[in-house]
Protein chains: 2
Amino acid sequence: MALSQEQYRESGLKLTPQRMAILAYLEGNILHPSAEDVFRAVRRRFPTMSFATVYNTLEMLKKRGKVVELTGDPDKKRFDPNIRPHHHLICTGCRKIVDLKTEFNLTLKAADQAGFQIMGNHIEFTGLCPDCQRKR
Amino acid sequence: MALSQEQYRESGLKLTPQRMAILAYLEGNILHPSAEDVFRAVRRRFPTMSFATVYNTLEMLKKRGKVVELTGDPDKKRFDPNIRPHHHLICTGCRKIVDLKTEFNLTLKAADQAGFQIMGNHIEFTGLCPDCQRKR
DNA sequence: TATCACATTAGAATTGTTCTTGTCAAGATA
DNA sequence: TATCTTGACAAGAACAATTCTAATGTGATA
Ligand SMILES: [Mn+2]
Ligand SMILES: [Mn+2]
Ligand SMILES: [Zn+2]
Ligand SMILES: [Zn+2]
């Protein structure tokens, strides 16, 4: 996320304890947690935390570009505090999502773009993670 | 889908009128419809068709590899009767999904695979479709 | 202090998807 | 033909994920 509390406050947002807890959980988190994951983790310290607050906060962070929403998991939204463009490995067994450092140079000929104005790209490599390989 | 009614029957399935309607709608469809899209289209000819039947049929087709489920739309599942591996253009404005003919040779060094057994890959190019460009 | 702008909470509402149950029809079997 | 078996169907309930709403709280500012 590369977002210090100071930067956060400077961007005109209030830094509440609940938000701090959500930020702290997200900061450097490489597990691509779902909203539920965030909720479960943060609730430990804030038992009154509402699920809606988590969604609201994630939505707000997404709008401000502090978090990216991933689509690789068909069951729930997953969030990535690492906003630098990068690709992912996705386990079709347990839905684990792992960052990929490899970069690819993907360019499309204008003729192939169907008139789209391309803004970015994302590669999902699918397969079985070590854990799931063992289980089969 | 490349799935004739004959092949379908041969694979041990009953070919009911409802299923035929769903198949007919999917056959050659390049719009990557959601379950709801399928339901709305098929309901015109079968007003008593249940949403659950659409889900059941799509699920069954997915299990048999006759249809692929896409994850690019965060709001709903989208289905692709074109099961040949290919990539997509996705409009972030209207969620339109367009097939990409371009092929890419994507290989990962073993060191980058985090122990995953890679089964496939899928690229999503995101951007704005011509319609949505005009609207902004 | 009074006021404002947001955040927060809790729960309701909505949406998307899956499950359950009773019913039915086609094909197989006797 | 009569019966059996299998699986599809319809309808709605149930469930899960997400969004919305309304009431309340809190910090910043005038
Ligand atoms: Mn990531
Ligand atoms: Mn496609
Ligand atoms: Zn796994
Ligand atoms: Zn568009």
Side-chain angles (χ1 to χ4, degrees), chain A residues 5-6 8-26 32-64 66-79 95 97, chain B residues 5-6 8-26 32-64 66-79 95 97:
Chain A
Q5 296 186 1
E6 222 162 273
Y8 187 77
R9 211 190 295 268
E10 273 166 14
S11 76
L13 288 172
K14 290 179 187 169
L15 192 54
T16 62
Q18 290 86 345
R19 286 195 165 183
M20 277 177 62
I22 293 176
L23 284 170
Y25 176 72
L26 288 175
H32 309 91
S34 65
E36 194 188 0
D37 294 332
V38 176
F39 177 62
R40 270 209 293 263
V42 173
R43 187 176 44 176
R44 276 187 240 130
R45 290 209 288 132
F46 292 88
T48 66
M49 165 82 66
S50 153
F51 213 148
T53 299
V54 174
Y55 272 108
N56 292 340
T57 303
L58 287 171
E59 186 60 27
M60 182 271 292
L61 290 172
K62 196 176 77 183
K63 270 208 195 91
R64 299 189 178 240
K66 306 302 184 193
V67 153
V68 176
E69 176 183 335
L70 302 181
T71 55
D73 184 339
D75 292 332
K76 41 184 73 171
K77 295 181 176 177
R78 305 278 289 261
F79 297 89
R95 302 293 177 202
I97 302 181
Chain B
Q5 295 187 3
E6 224 163 89
Y8 187 76
R9 211 189 295 269
E10 274 166 13
S11 75
L13 289 173
K14 290 179 185 170
L15 192 53
T16 61
Q18 289 84 349
R19 287 196 165 181
M20 278 178 60
I22 292 176
L23 284 170
Y25 176 72
L26 287 176
H32 308 92
S34 65
E36 194 187 0
D37 294 332
V38 176
F39 176 62
R40 270 209 292 264
V42 173
R43 185 175 46 177
R44 275 186 241 131
R45 290 209 289 132
F46 292 88
T48 67
M49 166 81 67
S50 155
F51 215 146
T53 299
V54 174
Y55 273 110
N56 290 342
T57 302
L58 287 172
E59 186 61 25
M60 181 269 293
L61 290 172
K62 196 176 75 182
K63 268 206 197 95
R64 297 186 180 242
K66 304 303 183 192
V67 152
V68 176
E69 175 183 334
L70 302 182
T71 54
D73 184 338
D75 292 333
K76 42 183 72 170
K77 296 181 175 177
R78 305 277 288 260
F79 296 89
R95 301 293 177 203
I97 301 181

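Within every chain, numbering begins at 1; the chains are lettered A, B, ... in the order of the sequence lines, protein sequences first and strands thereafter.
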Could you check which of C:dT17, D:dA11, C:dT9 has an atom nearest any side-chain atom of A:Thr53?
C:dT9

Rounded to the nearest angstrom, tell me the gap between atom CZ in B:Phe51 and atom C1' in D:dA11.
14 Å

Length of the CD1-P vector between B:Ile22 and D:dA10, whole Å:
9 Å

Side chain of A:Ala35 only, heavy atoms from C-beta on: which candidate in D:dT18, D:dG12, C:dA10 is closest?
D:dT18

Rounded distance (Å) that lies between atom C1' of C:dG11 and atom CG of A:Asn56
13 Å

Taking only the side-chain heavy atoms of A:Lys76 (C-beta and beyond), determine which of C:dC19, D:dA17, C:dT9 contains the nearest atom.
D:dA17

I want to verify a distance call: between C:dT9, D:dC9, D:dA17, whose nearest atom is closest to the A:Glu36 side chain?
D:dA17

Residue B:Lys77, side-chain heavy atoms: nucleotide from D:dT18, C:dT17, C:dT8 that is nearest
C:dT17

Is there a side-chain contact between A:Glu36 and A:Lys76 (heavy atoms, below 4.5 Å)?
yes

Side chains of B:Thr53 and B:Asn56: any donor to acceptor distance under 3.5 Å?
no

Using whole Å, what does the distance between atom C1' of nucleotide D:dA17 and atom CG of A:Asp37 come to?
13 Å

Would you classify B:Asp75 as touching base, sugar-phosphate or nothing, given that sugar-phosphate means primed atoms plus P, OP1 and OP2, and contacts are heavy atoms under 4.0 Å?
sugar-phosphate

Per atom distances to the B:Thr16 side chain, the nearest of D:dA10, C:dT9, D:dA8 is D:dA8

Of D:dC20, D:dA11, D:dC9, the nucleotide closest to the side chain of A:Ala52 is D:dC20

With heavy-atom distances below 4.5 Å as the criterion, would you say the side chains of A:Phe79 and A:Asp37 are in contact?
no

Nearest listed nucleotide, side chain of B:Tyr55, among C:dT17, D:dA17, D:dC9:
C:dT17

Find the distance A:Leu58:CG to C:dA7:C1' and express it as a whole number of Å.
15 Å

Measuring from the side chain of B:Met49 (C-beta onward, heavy atoms only), which nucleotide among C:dT17, C:dT9, D:dA10 has the closest atom?
D:dA10

Rounded to whole Å, how long is the line connecting atom CD of B:Gln18 with atom P of C:dA26?
11 Å

Please report, rounded to the nearest Å, how far the C1' atom of C:dA10 is from the CZ atom of A:Arg43.
14 Å

Side chain of B:Thr48 only, heavy atoms from C-beta on: which candidate in D:dA11, C:dT9, D:dT18 is closest?
D:dA11

Non-hydrogen side-chain atoms of A:Gln18 and A:Val42 separated by less than 4.5 Å
no

Side chains of B:Phe39 and B:Ser50: does their closest heavy-atom pair fall under 4.5 Å?
no

Please work out if B:Glu59 contacts a base, only the sugar-phosphate, or nothing of the nucleic acid, heavy-atom cut-off 4.0 Å.
nothing

To the nearest Å, how far apart are A:Asp73 CG and D:dT18 C1'?
15 Å

